[in-house]
Number of protein chains: 2
Amino acid sequence: MTDGGRLPVGRILIGDCIEELRALPDRSVDLVFADPPYNLQLGGELLRPNNTRVDGVDDAWDRFGGFEAYDKFCRAWLAECRRVLKDTGTLWVIGSYHNIFRVGAIVQDLGFWILNDVVWRKANPMPNFRGKRFTNAHETLIWAARSEDSRRYTFNYDAMKALNDDQQMRSDWFLPLCTGAERLKAEDGSKAHPTQKPESLLARVLLAASRPGDVVLDPFFGTGTTGAVAKRLGRRWIGIERDSGYAAVARRRIAEVEAVDDPLALALANRREQPRVPFGRLIEEGLIRPGEVLFDSRRRWFAKVRADGHLISDDHKGSIHSVGAAVQGAPACNGWMFWHAERKGMPVAIDVFRQQLRAAGEAPAARVGA
Amino acid sequence: MTDGGRLPVGRILIGDCIEELRALPDRSVDLVFADPPYNLQLGGELLRPNNTRVDGVDDAWDRFGGFEAYDKFCRAWLAECRRVLKDTGTLWVIGSYHNIFRVGAIVQDLGFWILNDVVWRKANPMPNFRGKRFTNAHETLIWAARSEDSRRYTFNYDAMKALNDDQQMRSDWFLPLCTGAERLKAEDGSKAHPTQKPESLLARVLLAASRPGDVVLDPFFGTGTTGAVAKRLGRRWIGIERDSGYAAVARRRIAEVEAVDDPLALALANRREQPRVPFGRLIEEGLIRPGEVLFDSRRRWFAKVRADGHLISDDHKGSIHSVGAAVQGAPACNGWMFWHAERKGMPVAIDVFRQQLRAAGEAPAARVGA
DNA sequence: GGCGGGGATGAATCGCGGT
DNA sequence: GACCGCGATTCATCCCCGC
């Protein structure tokens with residue numbers, strides 16, 4: 001905070017991030033948040049099942065000559081970020097599996113000390129349309145101190161705990177994408193930037209690892225989410241952005257932001273996630289065996305459990321709900337209450353097993369005594 | 001599966017994993033699951049960077065040396081894993097932020113093609129006792145095909161969907177730690193292995209990316225979780241383990257496992273393996289009449305059925321797919337879902353007739369018992 | 001004004017087999 | 001190896017529009 005006068009605080013530096021970083025003084029910044037190009041390497045076009053086109057990221061700024069060129073670029077900007085970082089400061093970088101492993105290895109090679117990797121679990125990710133992979137439902141953030149010896153980094157442990165119903169904040173964060181009114185639009189209504197991050201994500205980062213008045217640097221400023229959240233939370237900010245069009249959008253955006261009195265209120269957009277237990281989890285946990293036969297409470301209908309969590313009756317196969325409905329000829333059925341397994345000679349509704357799993361997951365200590 | 005006779009299937013190879021891997025033939029393994037060490041000692045040299053307390057330049061150099069040795073080790077075993085992997089096989093590696101970035105970068109450098117990174121969210125992680133970081137509540141798995149061109153890798157998409165209540169399986173998995181009765185104990189009651197993984201995690205990996213009879217290789221076998229789950233799920237397995245004590249525990253453990261014997265229970269939902277039914281068969285079987293008019297669900301477009309299985313609309317003729325695409329002006333169309341016929345005054349998708357044919361031809365014997 | 005259906009969309013490394 | 005046709009494949013969310 002003391003040397004902020006020499007810094008271009010509250011400004012967007014237009015230019016190459018490595019060159020602009022070189023002009024900043026040593027150990028002058030409290031937090032770096034970086035959302036670098038991911039080097040996605042997308043192939044042709046991807047169509048949704050309804051034949052509309054997925055608007056993938058194929059901008060020139062995301063294309064590199066190969067891993068070698070990408071690594072060289074990252075070594076350069078990460079080394080400069082380390083140089084400008086105070087010893088009490090920390091680095092945050094976000095990425096996906098396309099780039100985060102390379103970034104993480106370089107972060108370690110440069111002498112940073114990783115404190116956590118944090119997973120942003122997306123509440124509403126884009127599905128996998130071709131059924132060839134798992135839904136890519138998360139991105140990874142790396143949180144690192146300047147060096148192994150930088151033990152006095154800023155971490156607002158109690159603020160994070162307060163944000164999480166007085167339990168320690170975990171390394172997996174469940175937050176929605178940036179959509180709707182928050183998503184900046186161009187004049188033609190299209191998205192102003194292809195990879196705008198949600199303010200809730202930046203708010204959690206800044207509340208966790210910075211203090212009011214701290215200088216937050218974002219070397220890939222884009223449309224200025226970092227600056228907007230920093231201003232709102234009473235932090236100072238510096239942005240670096242190559243594209244003057246993005247920078248103009250960011251300037252207008254940040255000008256409209258007002259600082260808040262109650263910083264924690266901003267991050268409370270954190271809805272409590274409903275713990276969902278799919279039927280398949282009961283099989284994975286050994287509470288139900290593959291091949292076991294389930295039945296309704298009056299033993300009128302029977303169905304066999306498959307390893308993948310589907311049921312098979314004489315005429316139907318599918319989920320516990322759909323097979324339950326089908327055997328009864330009913331339009332719908334709550335399979336959790338309908339189907340039973342035999343335990344010690346007694347029928348037990350499978351919902352009982354689900355409750356066991358929920359209890360185990362919410363209160364791990366209880367499991368130890370079990 | 002065909003060359004399994006040359007492989008040491010169902011055995012634990014005691015020795016250095018790189019040497020033992022070298023003895024296995026090329027392209028002979030269907031899945032590799034690896035849980036490598038991240039603080040390993042090679043040749044008596046202690047590589048853990050935080051055990052060396054040196055100042056200044058020496059510190060950076062020493063740290064680099066530590067990572068270098070670890071990287072070299074990983075390049076060696078990962079290269080061998082890639083050599084023994086079939087083109088239809090995939091690699092799984094699990095790690096934490098200490099090592100997963102280095103592993104992931106090497107995986108990419110060796111030519112593997114990352115399909116997903118998967119986050120194991122721990123239901124009951126150890127808290128952070130000193131309040132200096134976020135609760136380290138997850139580990140990361142990397143799932144990769146042999147190369148970018150290996151497009152025929154095994155992925156049981158429908159089985160994963162079935163396990164997740166008929167929604168796509170996401171890249172974040174919520175599973176408990178290995179505790180309680182599942183956790184193997186030494187004679188003195190202490191845990192037999194420090195990093196034993198839960199069987200539920202391995203079960204999901206094997207159900208997702210292997211088939212019954214496949215050969216699953218684990219180069220860091222430990223106390224044999226991979227072997228135990230593989231046996232239970234009807235997969236074959238090969239383990240490599242340096243420590244004969246761990247291997248002995250693993251052998252006893254696996255001997256007690258019983259395979260799920262019911263093939264129906266192990267069968268996985270897999271729509272893709274259903275027999276192909278040409279549209280013309282529906283006409284031959286009398287389910288659709290030549291000259292009948294088909295239409296889309298909202299009756300915006302119509303086409304007449306020709307005896308040879310082609311459709312004719314006002315402006316187009318061809319297959320159900322090409323005419324469906326043409327009338328909509330879409331690049332492609334699944335004619336089976338698009339076109340409907342009228343039956344008892346109601347529109348019926350022609351896919352329903354195809355399902356009838358498949359059910360009739362597939363397993364008439366099974367229907368007898370119904 | 002409230003409600004419900006339809007459409008749009010999000011950092012995406014997203015066929016396959018027969019000829 | 002290239003070409004070509006079959007035909008498989010989506011979840012949460014928000015906005016807009018019509019009733």
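Searching all strands for a Watson-Crick or G-U wobble partner of D/dG18 with both distances below 3.5 Å returns C/dC3. The partner of D/dT9, taking Watson-Crick or G-U wobble pairs whose two distances both stay under 3.5 Å, does not exist in any strand shown. Across the strands present, C/dA12 finds no partner; the criterion is a Watson-Crick or G-U wobble pair with both atom distances under 3.5 angstrom. Nucleotide D/dC4 is matched to C/dG17 when pairs are restricted to Watson-Crick or G-U wobble geometry with both distances under 3.5 angstrom.
With rounding to the nearest 0.5 angstrom, the CZ atom of B/Phe353 is 14.5 Å from the CZ atom of B/Arg281.
Contact annotation: A/Lys122 side-chain N/O to D/dT13 OP1/OP2 distance is not under 4.0 Å. The side chain of B/Arg276 places an N or O atom within less than 4.0 Å of a non-bridging phosphate oxygen (OP1 or OP2) of D/dG7. One finds a side-chain N or O of B/Asn334 lying less than 4.0 angstrom from the OP1 or OP2 phosphate oxygen of D/dA8.
Using a 4.0 Å heavy-atom criterion, one finds that A/Gly44 contacts the bases of the nucleic acid, with or without backbone contacts as well. Residue B/Arg151 is in sugar-phosphate contact alone, with no base atom involved, counting any heavy-atom pair closer than 4.0 Å across all strands shown. Within 4.0 Å (heavy atoms only), A/Asp59 reaches no atom of the nucleic acid at all. Within 4.0 Å of A/Thr179, counting heavy atoms only, lie sugar-phosphate atoms of the nucleic acid but no base atom. Heavy atoms of A/Trp61 sit under 4.0 angstrom from at least one base atom. Here B/Lys161 lies in heavy-atom contact (under 4.0 Å) with sugar-phosphate atoms only. Within the 4.0 angstrom heavy-atom criterion, base atoms lie near A/Pro36. If you check every strand for non-hydrogen atoms under 4.0 Å, B/Arg298 touches sugar and phosphate atoms only. Nucleic acid contact for A/Pro125: base, since at least one base atom lies under 4.0 Å from a heavy atom of the residue.
Between the side chain of A/Trp120 and the backbone N or O of A/Leu201 there is no donor-acceptor pair closer than 3.5 Å.
Taking atom CD on B/Gln355 and atom C1' on D/dA8, their separation rounds to 14 Å, with Å as the unit.
There is no side-chain donor-acceptor pair under 3.5 Å between A/Gln41 and A/Tyr70. For the residue pair B/Asn164 / B/Gln168, no side-chain donor-acceptor distance below 3.5 Å is found, with atom types taken as modelled.
The shortest side-chain heavy-atom distance between A/Val93 and A/Trp77 falls under the 4.5 Å cut-off.
Toward the 5' end of DNA chain C, the nearer of the two residues A/Leu177 and A/Asn128, judged by each one's closest nucleotide, is A/Leu177.
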